[in-house]
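Just so it is clear, the structure is predicted and the values come from calculations on it, not from any experiment. Protein chains get the first letters and strands the later ones, always in sequence-line order, with residue 1 at the start of each.
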Amino acid sequence: MTTPAQTPPARSDFIRDIVAADLRDGRIREVVTRFPPEPNGYLHIGHAKSICLNFGIAREFGGRCHLRFDDTNPMKEEQEYIDAIERDIRWLGFDWGDHLYFASDYFEQLFEWAIHLVKAGKAYVDDLSADEIREYRGTLTEPGRPSPWRDRPVDENLDLFERMRAGEFPDGARVLRAKIDMASPNINLRDPVMYRILHAEHPRTGDAWCIYPMYDFAHGQSDAIEHITHSICTLEFEAHRPLYDWFIQNLPVPAEPHQYEFARLNLTHTVLSKRVLLRLVDEGVVRGWDDPRMPTLSGIRRRGFPPEGIRDFATLVGVAKTDSVVEVEYLEHTVRDVLNRRALRRFGVLDPLKVVLTDYPEGQVEEMDVPNNPEDPGAGTRKVPFSRELWIERDDFMEEPVRKFFRLAPGREVRLRSAYFITCDEVVKDEEGRIVELRCTHDPATRGGDAPDGRRPKATLHWVSAAHAVPAEVRLYEHLFTDPYPGVDGRDIFETVNPASEQVLTGCFVEPSLASLPVGETVQFERLGYFCPDRDSAPGALVFNRTLTLKDTWAKLRKQGKHDLA
RNA sequence: UGGGGCGUAGCCAAGUGGUAAGGCACCGGGUUUUGGUCCCGGCAUCCGGAGGUUCGAAUCCUCCCGCCCCAGCCA
């Protein structure tokens, strides 16, 4: 309850070291990075690591970071994704200024460069089918063989390539290939395909093109056009770097960018494969791309995670080349850390148990002053109505308390936070023996929560005045997958979806101030966790998402079976 | 068994010849009107393994072992 934790300073890593050295040695004057998403899905926490890296470096070294959509495959890309991606990056806290680009903006230039290679005898049109190309490519241990079309005359290649562009051939009929080395031990250099024919509507260029460049032919050149100095990508592109360099060296590009690779983020109990995420959405396993259980930025946002918590996570996790799987608890820690500092405290009762204060005047209402955030005195206090009948958490009472349970029990006195000390006198049950009400008395001298005689109850409970309580639905969220490493053991990922990943609670009661809390604003329900109004919320029908629980030592003791030990 | 990478605590991760940072998790203790926060302490005689070089090695050399990526007209 003291020193507010600091946002961790950006530490150095091997990429930042390279950037610093390039700046220091004058190899570059200004660092220019780029974040290059393909608009074929929503951004997820793994992308956040890359975004924080690229935009973070630009910010730290006084350079700039471009947002460039890698939209070279119209079969999978959609405007909806472009919009969502821009929204999510902004939400994360980054800005690309005027530097919004699309690989498709460079299609004409790329085409000209392809012609350049053809004229130089370094690219050719191949008539082989996809299957044949695969056969000719060889294997990991055997070299490939040259296509029969490999030595086609330049003029013929030029003519055919122009006609490919003109739409004279059907999809798959021919491709343009770079002529490099069919025997290269690096398969990426065995005459990689540069262009394929795709008679598809492109989200941005419409039907202007029916041939589209492959990633390898588009990415590096796009970097060169934008004068990107450090093209940062994930490890799986490492083997592509020689090809990246080959194109740069063999083309009259305006700059010579360099590619650097780092290990992508993996999280336990989480899947970050776009393919799988798409299936979860399509098959209705979740409520959509922004389901609070999804690792997408939009899901995390809906869940109530603050962007700062994600940024902190990215910096704490670091950047290296070791394949790693970070425990999701680490993310939860940085999120709690931010929320603990910022979130307003509120009262909400998830599983209500009625308490009647037999010695409290009927009809009387007191406005209790309650701190908005003990971590931040500047957050002030609020008034919370208190009256004779209250709701408390059913878990906060035990008729026959076990050894380490020190909440309410018959004959026991506890503190109602910022209100009074109360003592349980009587337990009321229904015919089935279920506890339906607790009859208690309060000590008027403890108003506000402090006893003049200095006595201190072992427990402090949250509460809501029954007459003023606002009903709400609360959705409890847990890991989407029970398996820490979903899919690694060969089991179908969909079979390890946690059936309890979403639990919908109805009949919850929250304090009056919560009725007007804006969607997406995360508050702490004292002693329970962090919650935020979901977009499904409506004026008379509040819906809250549980962002995260608070750390809960008592729950841990019970789970370990230690609550009853001496 | 082709090529490219990587192996430091349960999980991340510094360190790059001078005798193992930090965070998460975990375990103790203190404070506390949230069993939260905060504070204090503990947690690698050892850096995938084996040799070698050196006064001295996680850091250099050799060999071995393990894991990841590449055979899309995906990115």
Side-chain angles (χ1 to χ4, degrees), chain A residues 1-5 8 11-13 36-38 40 70 72-73 75-76 126 128-131 133-135 137-144 171-177 184-190 192-198 211-212 214-216 218-219 233-242 261 263 268 274 316-334 336-337 340-341 345 370-371 374-375 404-407 415-419 421 446 448-450 456-462 524-529 549-557:
Chain A
M1 209 195 306
T2 44
T3 352
R11 332 147 152 182
S12 195
D13 53 64
E38 181 189 11
N40 67 342
D70 227 327
T72 56
N73 184 358
M75 305 299 286
K76 298 180 178 176
D126 196 342
L128 253 29
S129 69
D131 286 343
I133 285 180
R134 188 183 320 116
E135 286 174 35
R137 187 151 34 219
T139 68
L140 295 177
T141 53
E142 307 158 40
D171 289 4
R174 292 179 223 269
V175 294
L176 182 73
R177 291 229 253 171
S184 172
N186 180 340
I187 291 185
N188 297 116
L189 261 21
R190 317 235 269 228
V193 171
M194 293 165 59
Y195 273 91
R196 73 287 214 186
I197 300 172
L198 247 32
I211 57 172
Y212 291 91
M214 296 287 289
Y215 165 85
D216 287 308
H219 206 96
C233 61
T234 43
L235 254 25
E236 64 270 28
F237 292 100
E238 212 156 14
H240 291 244
R241 194 171 62 223
E261 313 85 13
T268 55
K274 278 191 190 175
L316 286 178
V317 136
V319 178
K321 297 192 70 163
T322 314
D323 284 308
S324 61
V325 184
V326 177
E327 292 174 333
V328 71
E329 287 77 8
Y330 208 169
L331 206 213
E332 295 174 349
H333 165 262
T334 60
R336 283 196 185 94
D337 193 47
N340 175 56
R341 273 178 274 151
R345 302 310 113 122
V370 186
E375 299 298 313
K404 288 186 178 174
F405 181 88
F406 42 80
R407 271 111 94 148
R415 168 168 46 225
L416 291 185
R417 165 133 241 233
S418 299
F421 289 5
T446 59
D450 269 316
R456 291 149 60 142
K458 291 265 284 180
T460 297
L461 312 185
H462 58 280
Q524 183 191 106
F525 282 9
E526 288 211 41
R527 301 206 307 132
L528 298 178
T549 61
L550 247 31
K551 288 215 291 192
D552 189 346
T553 305
W554 168 239
K556 184 158 54 173
L557 287 177

Between [atom1] on residue [X] and [atom2] on residue [Y], distance to nearest 0.5 Å:
X         : Y         : atom1 : atom2 : value
Leu176(A) : Met194(A) : CG    : CE    : 4.5 Å
Arg415(A) : Arg456(A) : CZ    : CZ    : 8.0 Å
Leu416(A) : Phe421(A) : CG    : CZ    : 10.0 Å
His462(A) : Arg345(A) : NE2   : CZ    : 14.0 Å
Leu550(A) : Glu526(A) : CG    : CD    : 9.0 Å

Whole-Å gap separating [atom2] ([N]) and [atom1] ([X]):
X         : N       : atom1 : atom2 : value
Arg190(A) : rG3(B)  : CZ    : C1'   : 9 Å
Glu142(A) : rC70(B) : CD    : C1'   : 16 Å
Leu557(A) : rG35(B) : CG    : P     : 12 Å
Leu235(A) : rG5(B)  : CG    : P     : 10 Å
Glu38(A)  : rG72(B) : CD    : P     : 18 Å
Arg336(A) : rG36(B) : CZ    : C1'   : 10 Å
Asn186(A) : rG3(B)  : CG    : P     : 11 Å
Leu140(A) : rC68(B) : CG    : P     : 14 Å

Find the partner of [N]: check Watson-Crick (N1-N3 plus N6-O4 or O6-N4) and G-U wobble (N1-O2, O6-N3) distances, both under 3.5 Å, and reply none if neither fits.
N       : result
rU1(B)  : none
rA21(B) : none
rG28(B) : rC40(B)
rU62(B) : rA50(B)

Check: [Y] main-chain N/O paired with [X] side-chain donor or acceptor under 3.5 Å:
X         : Y         : result
Asp13(A)  : Ala320(A) : no
Arg341(A) : Asp337(A) : yes
Thr549(A) : Gly529(A) : no

What's the gap between [N] and [M] when it is taken at their [atom1] atoms, as a whole Å value?
N       : M       : atom1 : answer
rC73(B) : rG15(B) : C1'   : 46 Å
rG17(B) : rC67(B) : C1'   : 28 Å
rC46(B) : rC39(B) : P     : 32 Å
rU54(B) : rU59(B) : P     : 16 Å
rG18(B) : rA13(B) : C1'   : 22 Å
rG41(B) : rG23(B) : P     : 11 Å
rA21(B) : rG2(B)  : C1'   : 40 Å
rU53(B) : rC11(B) : C1'   : 35 Å

| request: Quick one: sort the His240(A) and Tyr215(A) rings into parallel, tilted or perpendicular, breaks at 30° and 60°. | output: perpendicular
Categorize [X] for me: base, sugar-phosphate, or nothing, with a 4.0 angstrom heavy-atom threshold over every strand shown.
X         : answer
His240(A) : base
Leu331(A) : nothing
Asn73(A)  : sugar-phosphate
Arg417(A) : base
Glu238(A) : sugar-phosphate
Tyr212(A) : nothing
Tyr195(A) : nothing
Ser129(A) : base
Leu528(A) : nothing
Asn340(A) : base
Lys274(A) : nothing
Phe405(A) : base
Arg415(A) : base
Gln524(A) : base

| request: Determine, for Lys321(A) against Glu238(A), whether the closest basic-nitrogen to carboxylate-oxygen distance falls under 4.0 angstrom. | output: yes
| task | May I ask you to say whether Lys556(A) pairs ionically with Asp552(A), meaning some side-chain N is under 4.0 Å from a carboxylate O? | result | no
Taking the minimum atom-to-atom distance to the side chain of [X], which one of [options] wins?
X         : options                   : answer
Leu550(A) : rG36(B), rU32(B), rC73(B) : rG36(B)
Arg527(A) : rA75(B), rU34(B), rA25(B) : rU34(B)
Val175(A) : rC73(B), rA75(B), rA71(B) : rC73(B)

Please state whether the phosphate of [N], meaning OP1 or OP2, lies under 4.0 angstrom from any side-chain nitrogen or oxygen of [X].
X         : N       : result
Lys556(A) : rG36(B) : no
Ser184(A) : rG3(B)  : no
Arg137(A) : rC73(B) : yes
Arg134(A) : rG72(B) : yes
His462(A) : rU34(B) : no
Arg196(A) : rC74(B) : yes

| message | Stacking between Trp554(A) and rG35(B), defined as ring centres under 5.5 angstrom apart with planes under 30°, is that present or not? | response | yes
| How do Val193(A) and Ala555(A) order along RNA chain B: which one's closest nucleotide is nearer the 5' end? | Ala555(A)
| said: For Asp126(A) and Glu236(A), find the nucleotide of RNA chain B closest to each by heavy atoms; which residue's nucleotide sits nearer the 5' end? | reply: Glu236(A)
| remark: Result for salt bridge (Lys or Arg N to Asp or Glu O under 4.0 Å) between Asp126(A) and one of Arg174(A), Arg196(A), Arg177(A) points to Arg177(A)
| query | Taking syn as any angle within 90 degrees of 0 and anti as the rest, which one fits rG30(B)? | reply | anti
| Reading nucleotides 9-16 of chain B 5' to 3', which nucleotides get B (base under 4.0 Å from a protein heavy atom), which S (sugar-phosphate only), which -? | -BSSSS--
